[in-house]
Amino acid sequence: MFEQVDKQALANRFGKAAQSYDQYALLQKEVGRNLLSLIPDENYGNGLDLGCGSGFFLPDLQQWCNYLLALDISTGMLKQAALRDNAQGYVCGDAEALPLCSESQDLVFTSLALQWCHDPVQAFREIKRVLTSRGYALFATLSEGSLFELREAWTAVDDHEHINQFMAIPELRSVLQNAELQCKTWQTRRHVMHYADVNAILQSLKQIGASQVNGERSQGLLTRQKLFRLQQAYERYRLPTGLLPVTYNVCYGVLHR
Ligand SMILES: C[S@@+](CC[C@H](N)C(=O)[O-])C[C@H]1O[C@@H](n2cnc3c(N)ncnc32)[C@H](O)[C@@H]1O
């Protein structure tokens, strides 16, 4: 049902992008800040930043938690996060098999990491398992329609799949149901980022480690000719401002057991 994920390749790719991540992660910063604003106003004992990336949100999360754990599948990202020195622990682990005790976390915060999982139900089940009975899990993830301009532009170039599949909202709802998590808050927001040209779009995805699709399929080399066709196809989206839009549909949720 879900795409196979080569987790080592994924971890390496994010690791390679660890140093450039903060400079290019404009959407991720916007989304993470929105997610922070949804944290229920309480004091939390143990907190977890799941898929913490470069640790951009650790300083904020530190304000909410007595003991903050930063977890990511990429050691490269974790090393970058550790430079901030805002968490009490740094753990390399997989969201689908969390190396944490059951009912150990009062706050789980996970921003734009879960869409990389092979089996989202399993990831949400793991979140439920580690959550305390009074705890909250906050997530933000991409849904269907994200990057639609780039997906459509690629269809003019070749038959490969260049963009990951993102869950439709009803599918995400049923994933949460299957994981037996209750939803306290639910929001969907459209974020549109703007770039001068296709090169800047591709570069920004690469520099945050998000340039490849899950799965085994080879996408082939991006030759000059292919790039030209991609640029031509994307032109139909150019705005009167002269910029190219990149749309992201983001689902935000506050969950509890
Ligand atoms: C787009 S970044 C988001 C990072 C950070 N949460 C932020 O908002 O800036 C996605 C992160 O999720 C991590 N990730 C992807 N799949 C994961 C998994 N199965 N378990 C843990 N981390 C994962 C990646 O290594 C990467 O650091």
Side-chain angles (χ1 to χ4, degrees), residues 2-39 47-62 68-84 86-87 89-100 105 107-127 129-130 137-142 146-147 163-164 166 175 191 193 204-215 246 248 250-252:
F2 301 111
E3 291 293 348
Q4 282 299 327
V5 179
D6 179 342
K7 295 196 176 180
Q8 192 54 56
L10 179 142
N12 292 344
R13 209 169 60 240
F14 276 108
K16 271 193 195 154
Q19 287 182 13
S20 53
Y21 184 85
D22 284 359
Q23 190 190 335
Y24 288 88
L26 305 181
L27 169 84
Q28 289 71 13
K29 288 178 185 171
E30 211 172 285
V31 170
R33 286 193 196 106
N34 285 340
L35 192 60
L36 284 171
S37 75
L38 298 178
I39 296 180
L48 171 68
D49 187 354
L50 175 52
C52 65
S54 68
F56 194 80
F57 298 106
L58 295 175
D60 292 282
L61 291 169
Q62 191 182 33
L68 180 60
L69 202 57
L71 185 147
D72 203 283
I73 201 164
S74 156
T75 49
M77 278 293 193
L78 272 179
K79 279 186 194 152
Q80 194 67 25
L83 294 176
R84 293 183 200 274
N86 287 115
Y90 300 85
V91 178
C92 187
D94 182 353
E96 292 170 62
L98 288 173
L100 302 175
Q105 304 301 314
L107 181 70
V108 176
F109 178 93
T110 181
S111 190
L112 294 180
L114 295 180
Q115 73 271 6
W116 292 104
C117 288
H118 162 65
D119 181 350
V121 176
Q122 175 60 19
F124 279 110
R125 281 201 181 120
E126 279 295 85
I127 289 175
R129 181 182 67 75
V130 301
L138 286 91
F139 77 91
T141 196
L142 298 182
S146 294
L147 290 163
I163 307 294
N164 278 329
F166 302 110
V175 162
H191 298 254
M193 313 308 284
S204 74
L205 290 172
K206 187 173 178 193
Q207 297 296 344
I208 63 159
S211 55
Q212 299 274 310
V213 288
N214 289 337
V246 179
Y248 292 92
V250 182
C251 291
Y252 296 86

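Counting starts at 1 for both ligands and their atoms, in listed order. Along the sequence shown, residues carry numbers from 1.
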Identify the protein heavy atom lying closest to [atom], giving its residue, its atom name and the separation to 0.1 Å.
atom                    : result
atom 22 (N) of ligand 1 : I73 N, 3.3 Å
atom 20 (N) of ligand 1 : A95 N, 2.8 Å
atom 8 (O) of ligand 1  : S111 O, 3.4 Å
atom 12 (O) of ligand 1 : A113 CB, 3.4 Å
atom 2 (S) of ligand 1  : Y21 OH, 3.5 Å
atom 25 (O) of ligand 1 : D72 OD1, 2.5 Å

Q: For Q8 and N12, run side chain to side chain donor-acceptor pair (under 3.5 Å): C-alpha distance rounded to whole Å, both residues' side-chain angles, the deciding distance at 0.1 Å, then the answer.
A: CA-CA 6 Å; Q8 192 54 56; N12 292 344; 3.1 Å; yes
How long is the straight-line distance from [atom2] of [Y] back to [atom1] of [X], given to the nearest 0.5 Å?
X   : Y    : atom1 : atom2 : answer
F14 : I73  : CZ    : CD1   : 10.0 Å
F57 : N86  : CZ    : CG    : 12.5 Å
L61 : L138 : CG    : CG    : 9.0 Å

Any nitrogen or oxygen of [X], side chain or backbone, less than 3.5 Å from one on ligand 1?
X   : value
D94 : yes
K7  : no
G51 : yes
D49 : no

Q | Close side-chain approach of F166 to T141, heavy-atom, < 4.5 Å | A |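 No; the side chains remain at least 4.5 Å from each other.
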(Q) Taking 4.0 Å as the limit for heavy-atom contacts, which would you say applies to L50 with ligand 1: side chain only, backbone only, both, or neither? (A) neither
Q) What part of C52, side chain, backbone, both or neither, has a heavy atom within less than 4.0 angstrom of ligand 1? A)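 Just the backbone.
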I'd like to check which ligand 1 atoms, numbered from 1 as shown, lie under 4.0 Å from a non-hydrogen atom of [X].
X    : answer
S74  : 25 (O)
W116 : 15 (C), 16 (N)
M77  : 27 (O)
L10  : 15 (C), 16 (N)

(Q) Looking at K79, I'd like to know if its NZ atom is crowded, meaning that more than 12 non-hydrogen atoms belonging to other residues, nucleotides or ligands lie closer than 6.0 Å. (A) no
Q.
With a cutoff of 4.0 Å, is G93 in contact with ligand 1, counting heavy atoms of the residue only?
A. yes
(Q) Tell me whether L112 reaches ligand 1 (any heavy atom closer than 4.0 angstrom to a ligand atom). (A) yes
Q: Could you please spell out the steps behind the side chain to side chain contact (heavy atoms under 4.5 Å, CB included) verdict for I127 and L114?
A: CA-CA 11 Å; I127 289 175; L114 295 180; 4.1 Å; yes
Q: Might you work through the side chain to side chain contact (heavy atoms under 4.5 Å, CB included) test for L112 and L27, ending with a clear yes or no?
A: CA-CA 10 Å; L112 294 180; L27 169 84; 4.0 Å; yes
Q. Would you call the rings of F139 and F124 parallel, tilted or perpendicular if under 30° counts as parallel and over 60° as perpendicular?
A.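 Plane angle over 60°, so perpendicular.
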Q) Is the Y252 ring parallel, tilted or perpendicular to the H191 ring (thresholds 30°, 60°)? A) tilted
Q. What are the two closest heavy atoms between L48 and L68, and how far apart are they?
A.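 Shortest heavy-atom contact: N-CD1, 4.2 Å.
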